[in-house]
Amino acid sequence: MSFFDLEGTLKPLTALKQFGKKPHTLKDIPWKKREAADRYRGLHYNNLDECIGCGNCSSICQNAAIDMIHIDGIEGKKGDSGLRPRVDNGRCCWCALCVEVCPTGSLSLTKDYLYVTDDPDTFLWTPGLSNPDGAERRSFVSDKDHSLNDFRRVPMPELEGKERVKSFAEVVLGYNEQQAREEAQRCISCGICTEVCPDHMHIPEYINAIAKGNDADAVRIIYDNNPLPEMCGKVCTRRCEDVCAIATRGEPVAIRWLKRYATETAQTVDMIQDIVNPEIREPNGKTVGIIGAGPSGLTAAYYLALRGYDVTIYEANAKAGGATMYGIPKYRLPVESLQKQVDYIRSIGVKIHFNTKVGKDISFKEIYDKYDVVFMGVGFPDAWPLGIEGDDAKGSMQAFRYLYMINSGEKVDVGDKVVVVGGGNVAIDAARVARRFGADVTILYRRRVEDMPADWEEIEGAEEEGVHIIPQGIPIKIHKDEKGRVKAIEYLKAEMVADEKGGRPRPVPIEGSNTILEATAVMAAIGQMGDYSFLGKEFEEKIKIERGRFVVNEKQQTTDPKVFAGGDAVNRTADAISAIADGFRAVKAIDEMLMGKK
């Protein structure tokens, strides 16, 4: 026998040295709990209040172990689907991918790993409900800085503040292809944004198309329910971004800018036609008259024309677009961009009669009698005056009217010291336009800066351009010079007083705090109102108006069944996407009424 054979025979005997030693294994029952490691991956826990029901955890689970369910007591709301994850512990492998992709950080794993029961249904575990005390046992949590989600937005290139006040060149330069792809890949496709969008645009779908490099597909998806998407991509109020799941711990996906990127790839009307390639049905013999070529009227016209209706718009101005054409400065929305979209809408057969004011050039009754249905998208063309002493001075004007004149190509002399009263987007727009004409501009706002209803990006843009903002100032008088021109504006400083009913603090003037600010022009931007004199007495009695707006049902139908309405003259949101949604909703109702289609 060789040495190696002998060694192999004797080797097992060395195990005898283990006799009498303390065993390495433990003789406890298997369901006895022991303290787990700090980063142990045990049973799930979910903070139900922080969770928004985005479903990202369910989407990424490779074992199909997570379902999104309704839970009693949790209702859907803005930015929250109302759903919560339920885990099938019979399928779960505790890989923790669901935790890593949770945008809010509400989902985690705990140190708990044993749960013994005779009830097989408890394999279906609703984190946070099945273990409400699980917060104290959390072990594996997502780290924002090392998350699988990207919480940092791709910056938008812009002209520098001091440079852009020299002209009306577009301030926002737009994403290039690489930037758009990178930003689009941040989207987790939860769809919460779609629910809050007034028009319910297919946001995750077109963003995914951009992320995959399918820009043409993105354009087709966008035009499915929005015929003015490039305009929205530049000036939309983007409430969708306010509820973006990524925004809970970072910056929201740039939904507006991505829409802009995609639609700008279709650079001409012909390119839009080739990409969208809309199906235009055969004429159905029905006619629709539309008053106003603003966002709601253009939307209704476009989709009705696609469905075979003979559509004619009556527009009081020389160009279509309504407030988007005449109320938005061209450094935000260039004329060429809006005109391209209007020309595309006309290319499918929509007729527009420009410089035709209803009530003057043609009566409302004539339109009413001529068409099977009438849609009114007349907007809010008039603005509220300040209503203070000296408001009749030369140089005292409405900011909306000032923007209208500038966008119409008129020259308006406002001098070198302009004061704009108000805190909304119209106030910001008027201030920034006046800066581009070389004026020293001050915005006087009765509340705090953080209370201003204007878009925060626009507020920052105004400040970068040298606009001075005086918060908590309540105007009381406009001083005139010997020629009746604006000389100064007098205001009282205000203190913010808490609202007893829980509303936002209200400004209360401080007696004796009178301050005089030199000015050559004062612009009021405190709100707008409608003008319905075009209806005539007969229809003013038939079409109900309350608090300055048409009364409509859920189908945009007024109290006269033949007349529909949308836009600012109907809803209080006062933004283009809401007007577009009104027009789109009216199309479905009109089609149902005239053709019996649902």
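- Side-chain contact of Tyr309 with Asp372: a donor-acceptor pair under 3.5 Å is absent, judged by distance alone.
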*Given the rule in the side chain to side chain contact (heavy atoms under 4.5 Å, CB included) test, do Lys330 and Val335 qualify, once you have shown the distances and angles that lead to the verdict?*
CA-CA 7 Å; Lys330 298 316 163 193; Val335 172; 3.6 Å; yes
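- Put simply, the side chain of Glu315 never gets that close to the backbone of Ile352: no donor and acceptor are under 3.5 Å apart.
- Checked by atom type, the side-chain pair Asp310/Thr287 shows no donor-acceptor distance below 3.5 Å.
- Annotation: side chain of Gln528 is not in contact with side chain of Asp382 (no heavy-atom distance under 4.5 Å).
- Under a 3.5 Å cut-off, the side chain of Lys286 and the backbone N or O of Asp591 do not form any donor-acceptor pair.
- Between Lys259 and Glu230 there is no salt bridge, since no side-chain N of the basic residue sits under 4.0 Å from a carboxylate O of the acidic one.
- Arg238 places no side-chain N or O within 3.5 Å of a backbone atom of Arg256 that could act as its donor or acceptor partner.
- For the residue pair Tyr261 / Asn176, no side-chain donor-acceptor distance below 3.5 Å is found, with atom types taken as modelled.
- In this pair, Tyr344 and Tyr302 present their aromatic rings tilted. The plane angle is within the 30 to 60° band.
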*asked:* Apply side chain to side chain donor-acceptor pair (under 3.5 Å) to residues Asp582 and Asn571 and explain how you reach the verdict.
replied: CA-CA 9 Å; Asp582 288 346; Asn571 69 65; 2.6 Å; yes
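- Taking CZ from Arg585 and OH from Tyr303, the interatomic distance works out to 13.5 Å, rounded to the nearest 0.5 Å.
- Between the side chain of Ser578 and the backbone N or O of Ala576 there is no donor-acceptor pair closer than 3.5 Å.
- With hydrogens and angles ignored, the 3.5 Å screen pairs a side-chain donor or acceptor of Thr194 with a backbone N or O of Met201.
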_side chain to side chain contact (heavy atoms under 4.5 Å, CB included), that's the test. Do Ile291 and Phe364 meet it? Break it down for me._
CA-CA 9 Å; Ile291 303 173; Phe364 180 79; 3.5 Å; yes
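- Aromatic pair Phe168/Phe437: ring centres closer than 6.0 Å.
- Residue Ile246 holds its CD1 atom at 8.0 Å from SG of Cys190, rounded to the nearest 0.5 Å.
- Other residues, nucleotides and ligands contribute only 12 or fewer heavy atoms inside 6.0 Å of the CG atom of Asp413.
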*Yes or no on side chain to side chain donor-acceptor pair (under 3.5 Å) for Gln273 and Ser347, after CA distance, side-chain angles and deciding distance?*
CA-CA 9 Å; Gln273 291 172 333; Ser347 74; 2.9 Å; yes
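- Judged purely by atom type and a 3.5 angstrom limit, Arg153 uses its side chain to pair as donor or acceptor with the backbone of Pro252.
- A distance of 6.0 Å separates OG1 of Thr263 from CD1 of Ile222, quoted to the nearest 0.5 Å.
- Put simply, the side chain of Thr356 never gets that close to the backbone of Ala316: no donor and acceptor are under 3.5 Å apart.
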*For Thr237 and Asp455, what are the C-alpha separation, side-chain angles and deciding distance, and is it a side chain to side chain donor-acceptor pair (under 3.5 Å)?*
CA-CA 7 Å; Thr237 49; Asp455 191 312; over 6 Å; no
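- By the 6.0 Å contact criterion, CD on Glu450 is enclosed, its count of non-hydrogen atoms from other residues, nucleotides or ligands being greater than 12.
- Ring geometry for Tyr314 against His353 counts as tilted: the plane angle lies between 30° and 60°, on a 0 to 90° scale.
- Other residues, nucleotides and ligands place more than 12 heavy atoms under 6.0 Å from the NZ atom of Lys562.
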_Let's go through Asp215 and Arg181 carefully: what are the C-alpha distance in whole Å and the side-chain angles of both, what is the deciding distance for salt bridge (charged side-chain N to carboxylate O under 4.0 Å, His left out) to 0.1 Å, and is it a yes or a no?_
CA-CA 10 Å; Asp215 295 335; Arg181 304 274 184 261; 2.8 Å; yes
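- Checked against the 6.0 Å centroid criterion, the rings of Phe375 and Phe564 do not qualify as a close aromatic pair.
- Interatomic distance, NZ of Lys555 versus NZ of Lys588, reported as 12.0 Å (0.5 Å rounding).
- For the pair Asp217 (side chain) and Arg220 (backbone), a donor-acceptor distance under 3.5 Å is absent.
- At least one test fails for Lys357 against the ring of Phe534: distance under 6.0 Å to the centre or angle within 45° of the axis.
- With Tyr331 as the aromatic partner, Arg436 meets the cation-pi criteria of under 6.0 angstrom to the ring centre and within 45 degrees of the ring axis.
- The CD1 atom of Ile580 sits 9.0 Å away from atom OG of Ser296, with the distance rounded to the nearest 0.5 Å.
- Side-chain atoms of Lys340 never come within 3.5 Å of backbone atoms of Val269 as a donor-acceptor pair (strictly under, hydrogens ignored).
- A side-chain donor-acceptor contact under 3.5 Å links Asn225 to the backbone of His200.
- For the 3.5 Å distance criterion, the side chains of Asp560 and Thr558 fail to qualify, holding no donor opposite an acceptor.
- Not less than 6.0 angstrom separates the ring centroid of Tyr532 from the ring centroid of Phe539.
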